[in-house]
Amino acid sequence: MKTPGDLGDLGDLILASTSSARRALMDGLGLPYHTEAPGVDEDVPSTLSAEEAVRSLAARKARAVHARHPEAWVIGADQLVEVGHGVLGKPQDRDAARGQLQRLLGHTHAIHTGVCLVGPGGHFAEAVETTRLTFFPVPPEELERYLDTGEWEGCAGSYRVEGQGQALLAKLEGDRTNVQGLPMLSVVRLLRQAGFMFFPRP
């Protein structure tokens, strides 16, 4: 079994992301790990469903970093917001963020996150987690005040539920950490299945 004490100085566990939200969630596990930007093309065929797209991109990110560190264990993740028949990625600017939030306010949408664990010996495991959220219908002036916070930057769907964006939330069904960028229920399951152990003795 692989315990935190067995992890080498080079960082045998790598999170293929530089997201501060994902790092915060991984920190909570107490396992030593490093982060590395995957540096991959994130375009996928438009024919893919949201679930298929995040699954494909998570695997692409994990494999890209693992190719550079073949002895490491690498976690890749990708997230998309789905509302109606449309998919929302990261907004380009404030106007795009406003448009995304206008589609979400007063409605229910889904967040899909793909997670992939790649390791030595050809190990490959993946999962897709879905959480459903319902937002309050807020007036335009309140929406502008939220946009003023800047939380929309770099976020699929243009909000952060770990920040002031939680004030938009009327209902959440599923794993809250999934909304924050990394579904820890899936991450822990994949790590345990790979043989990782938790709670090391001092």
Side-chain angles (χ1 to χ4, degrees), residues 1-45 47-82 87 89-90 110-133 156-157 162 172-200:
M1 301 288 279
K2 293 163 282 297
T3 70
D6 294 328
L7 297 178
D9 293 337
L10 297 179
D12 289 335
L13 182 60
I14 302 174
L15 176 64
S17 172
T18 56
S19 160
S20 59
R22 288 179 180 152
R23 288 200 308 268
L25 290 166
M26 279 295 295
D27 287 347
L29 282 184
L31 294 179
Y33 74 97
H34 292 261
T35 62
E36 183 171 322
V40 298
D41 178 3
E42 297 192 24
D43 286 336
V44 294
T47 53
L48 294 183
S49 68
E51 294 97 324
E52 292 169 335
V54 295
R55 186 187 298 272
S56 173
L57 287 171
R60 186 182 301 175
K61 292 176 179 180
R63 283 172 163 151
V65 173
H66 189 257
R68 301 193 288 267
H69 307 278
E71 299 306 313
W73 293 82
V74 183
I75 299 171
D78 195 78
Q79 183 181 79
L80 286 173
V81 174
E82 184 175 31
V87 172
K90 298 174 183 177
I111 288 187
H112 307 287
T113 307
V115 181
C116 181
L117 178 64
V118 178
H123 183 93
F124 178 89
E126 59 184 352
V128 174
E129 190 78 30
T130 297
T131 303
R132 301 193 181 280
L133 301 91
E162 68 272 26
L172 183 149
E173 301 171 87
D175 181 359
R176 187 184 180 96
T177 63
N178 182 42
V179 185
Q180 295 171 231
L182 193 63
M184 298 310 293
L185 293 175
S186 294
V187 169
V188 168
R189 183 173 66 253
L190 293 179
L191 289 174
R192 284 187 179 277
Q193 290 171 348
F196 280 81
M197 295 178 67
F198 300 83
F199 318 120

Do you know which two heavy atoms are closest between [X] and [Y], and how far apart they sit?
X	Y	answer
A21	E162	CB-OE2, 3.6 Å
A72	H66	O-CD2, 3.1 Å
A37	R68	O-NH2, 3.0 Å
V65	A16	CG2-CB, 3.6 Å
A53	L80	CB-CD1, 3.8 Å
V81	A156	CG2-O, 3.5 Å

Is there a donor-acceptor contact under 3.5 Å from the side chain of [X] to the main chain of [Y]?
X	Y	answer
K61	A77	yes
N178	I111	yes
R22	S17	no
T177	Q180	no
Q193	L190	no
R55	G114	no

Starting at [atom1] of [X], measure out to [atom2] of [Y] and round the result to the nearest 0.5 Å.
X	Y	atom1	atom2	value
E42	R60	CD	CZ	8.0 Å
L57	D41	CG	CG	8.5 Å
L48	S56	CG	OG	6.5 Å
D12	H34	CG	NE2	8.5 Å
M184	R176	CE	CZ	15.0 Å
L13	T35	CG	OG1	11.0 Å

* Show your reasoning for whether side-chain contact (heavy atoms from CB on, under 4.5 Å) applies to L182 and M26. => CA-CA 8 Å; L182 193 63; M26 279 295 295; 3.6 Å; yes
Answer whether the closest heavy-atom distance between the side chains of [X] and [Y] falls below 4.5 Å.
X	Y	result
V128	V54	yes
H123	L117	yes
I75	C116	no

* To do: Give a yes-or-no answer on whether the side chains of Y33 and D27 include a donor-acceptor pair shorter than 3.5 Å.
  => yes
* Polar contact flag, side-chain donor to acceptor under 3.5 angstrom, H112-E129 -> no
* Under the side-chain contact (heavy atoms from CB on, under 4.5 Å) criterion, do I14 and W73 qualify, and how do the steps go? -> CA-CA 6 Å; I14 302 174; W73 293 82; over 6 Å; no
* Under the side-chain contact (heavy atoms from CB on, under 4.5 Å) criterion, do L191 and L29 qualify, and how do the steps go? -> CA-CA 11 Å; L191 289 174; L29 282 184; 4.1 Å; yes
* **Intermediate values then yes/no, side-chain contact (heavy atoms from CB on, under 4.5 Å), V74 and E36** => CA-CA 10 Å; V74 183; E36 183 171 322; over 6 Å; no
